[in-house]
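Notes to accompany the following structure.
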Protein chains: 2
Amino acid sequence: MSLDTRKSKILESIIRDYVETAEPVGSRSVVRKHNLRISAATVRNEMADLEDMGYLEQPHTSAGRIPSEMGFRYYVDCMMQKETLDDSELEILNKILNENIGEWSDIVSKVGSFLSQVTNYASFVIVPSIKLSEFKNVQIIPITDGKAMLLVVTDVGVLMHRRIDVPSSISSEELQLIGKAFTRVLSGTRLEEMRRNELKALREDLKNRRKVIDKVLEAVDVMMQGSRDESVVISGALNILNEPEFKDMDKLKRILTILEEDILLKQIIPEKISEDVNITIGKENKAEDIQEMSLVVAGYNNFGEMGKIGVIGPVRMEYWKAAGTVESLRNILDQLLSKKFF
Amino acid sequence: MSLDTRKSKILESIIRDYVETAEPVGSRSVVRKHNLRISAATVRNEMADLEDMGYLEQPHTSAGRIPSEMGFRYYVDCMMQKETLDDSELEILNKILNENIGEWSDIVSKVGSFLSQVTNYASFVIVPSIKLSEFKNVQIIPITDGKAMLLVVTDVGVLMHRRIDVPSSISSEELQLIGKAFTRVLSGTRLEEMRRNELKALREDLKNRRKVIDKVLEAVDVMMQGSRDESVVISGALNILNEPEFKDMDKLKRILTILEEDILLKQIIPEKISEDVNITIGKENKAEDIQEMSLVVAGYNNFGEMGKIGVIGPVRMEYWKAAGTVESLRNILDQLLSKKFF
DNA sequence: GTTAGCACTCTCAGCGATTGAGTGCTAATC
DNA sequence: GATTAGCACTCAATCGCTGAGAGTGCTAAC
């Protein structure tokens, strides 16, 4: 259902006001702010219509109107102009990205923290598991007598390491040889395709060092277990303390608990999203715990898997800003991943 | 100044009650709870004395008394019996420690989270920088054309890694040789003692690969910069949401902000502490931001440097439980570091 | 030294009156 | 027919008041 121009203007005006003030918006203030050339009474009539249509609601009879979730939905779908990063923000972002030539995880957390600062909502970045990348190199480095460090490097440059026990009799050279043998057998193998029979052959090759081989396999198993999980970076969770809708302690605690725990956060983000900016408003969210919050999330291409980046905030959210910023940062992550890291 | 037995009993009674309920304690309830063989009127007199001495204070005339910070101090110094972990708690702890044979940082975070769960306060563990450990092994592993991974293993098994650029012409074997050369020169050198002239010699040795050498040195510098910082693990920050003294949003935000940022947290913890359990109450804290909170912190021996573990909570804290638990866990970290990791 | 008794203090919850923002309706106007 | 001015009405929020309740401090008696 489409709205005529005037109704649209009024709806937008109410949304903007309400998002800013968190207070119900009255007919007078709509007229004042947007100095439309109509009277408050006319606006009242239009507002009554909008309420009938479901785009507005009234907390109680003698209060102003607030946008309903359906109202926000209409705004987001039919009227919203995404507001992209302005010059000063871009400057800050570039500074951040340039100063840091470190690990991918550093960049992700910097971008996440930038996102939360710019939008003033909690941000999250989900980095998918690396199951599609390939073994590149396996090394075993002695640390102390009986302890060694197992290193696995994948083709995308992800490093996994784990301490393992080795016989104290074994020499550094021998460990190196074992590492090389593993490299030979596994190099180019995708992590999830690692075949047991290849490994068996390996075990035959080095039969006098079976104990070490077994330790290594065990460690690789554990590492893969770990790497199977996608990682989640959360930033700016405390931003919700600024939102008046969360002055209630119980609500606050429920939300903050989710925003503190990777696992909980992962559960509330929709599995299937498009690469574009996805917005889910209030009760549109499947997860019960966040049915008074909104999500703005986009996918980015992380070595063939879809990563996710977005913000979570109150239904009364600056969708225009959030959507624009999330979109920009999604693109930047895409770029970085395709150019800088290969 | 020492108190007579009866005053002590009354003070303790008031402290216990107040810590539990967060409400001022009246003379009647003191008599009732601890069924002392004296009347409320007598208790009132004693309470008036305790107030004169500064151990109690009165929020307003017709309310009960609450312990002053000085009262808590007296209790902690002269009366407190530390309450150690009970059997069921020990069982949980053992389970946690056994299931996890991974990295040291995992253990630290598990212990931290256990501490916050048992005490219901926010916990922190500070792991000192590793500046006293020695180089053990340097490796350079090619990832893709023009990119390689630099790995440094120290004698305590800490691994540092960083991606570096290398000439795309360079071979895997050559990188390995360079790594070996570094290992030869640096092995056994303490990180903070790494001498520039040793490195210069190295640079001479491999003069046809100066670019790579320089890249490696640059990366080592950055890594050492990073490793110079102690790391901080915070757990259970949201526990303060349960404390009625933080129902005020501004206070809450101030405290949570500190508990979310490693750097801020580090600043509020006293530099100099003894290895034993240190307790600072309210205004005893130098940092202004936490002058309505208390710290319970102990030092543990982390490869010769002092690490710190503790909790932070309201002045109205169960010091007996917090002190006992912190002490136990301090000892456990000490043990783990001396036995398991060497 | 201890206690019972009592007047006094102060907070807190509940209640009614007041205020003010905002609506909805009606009748007049463009 | 759309728009607007005017006005009665509604309802949350605020203020001031009151009474109840908890607790103290003092005094006088034990």
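This structure is a prediction, so every number in the text was calculated from the model and none was measured.
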So, OP1 or OP2 of [N]: does either fall under 4.0 Å of a side-chain N or O from [X]?
| X | N | value |
| --- | --- | --- |
| T61(B) | dC10(C) | yes |
| R6(A) | dT3(D) | yes |
| T42(B) | dT3(C) | yes |
| S39(A) | dT4(D) | yes |

Distance flag, aromatic centroids of F72(A) and Y319(A), threshold under 6.0 Å: yes
If I take atom [atom1] in residue [X] and atom [atom2] in nucleotide [N], what distance separates them, rounded to the nearest angstrom?
| X | N | atom1 | atom2 | answer |
| --- | --- | --- | --- | --- |
| R28(A) | dT4(D) | CZ | P | 14 Å |
| E23(A) | dG22(C) | CD | P | 9 Å |
| I38(A) | dC30(C) | CD1 | P | 18 Å |
| D4(A) | dG1(D) | CG | P | 18 Å |
| D49(A) | dT23(C) | CG | P | 14 Å |
| R37(B) | dT3(C) | CZ | P | 11 Å |
| D52(B) | dT24(D) | CG | C1' | 14 Å |
| Q58(B) | dC10(C) | CD | P | 10 Å |

Do the side chains of E57(B) and R65(B) get close enough for a salt bridge, i.e. N-O under 4.0 angstrom? no
Do R73(A) and E284(A) sit within salt-bridge range, that is, some charged N less than 4.0 Å from a carboxylate O?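 A salt bridge links R73(A) with E284(A).
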If only atom types and distance count, is the side chain of D86(A) paired as donor or acceptor with the main-chain N or O of T84(A) below 3.5 Å?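 Judged by distance alone, no pair lies under 3.5 Å.
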Pick out which of E23(A), E245(A), E292(A) makes a salt bridge (Lys or Arg N to Asp or Glu O under 4.0 Å) with R316(A). E245(A)
Using a 4.0 Å heavy-atom cut-off, does A63(B) contact any base of the nucleic acid, only the sugar-phosphate backbone, or nothing at all?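 If one applies the 4.0 Å heavy-atom cut-off, A63(B) turns out to touch the sugar-phosphate alone, with no base involved.
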When S29(A) and E46(B) are each assigned the nearest nucleotide of DNA chain C, the 5'-most assignment goes to E46(B)
Residue mapping more 5' on DNA chain C - nearest nucleotide basis, A40(B) or R65(A): A40(B)
Name the closest nucleotide to the [X] side chain, picking from [options].
| X | options | answer |
| --- | --- | --- |
| M47(B) | dT24(D), dC11(D), dA5(D) | dT24(D) |
| E51(B) | dT4(D), dT23(C), dG25(D) | dG25(D) |
| N45(A) | dT4(D), dT23(C), dT3(C) | dT4(D) |
| S62(A) | dT10(D), dT9(C), dG25(D) | dT10(D) |
| R44(B) | dT24(D), dT11(C), dG24(C) | dT24(D) |

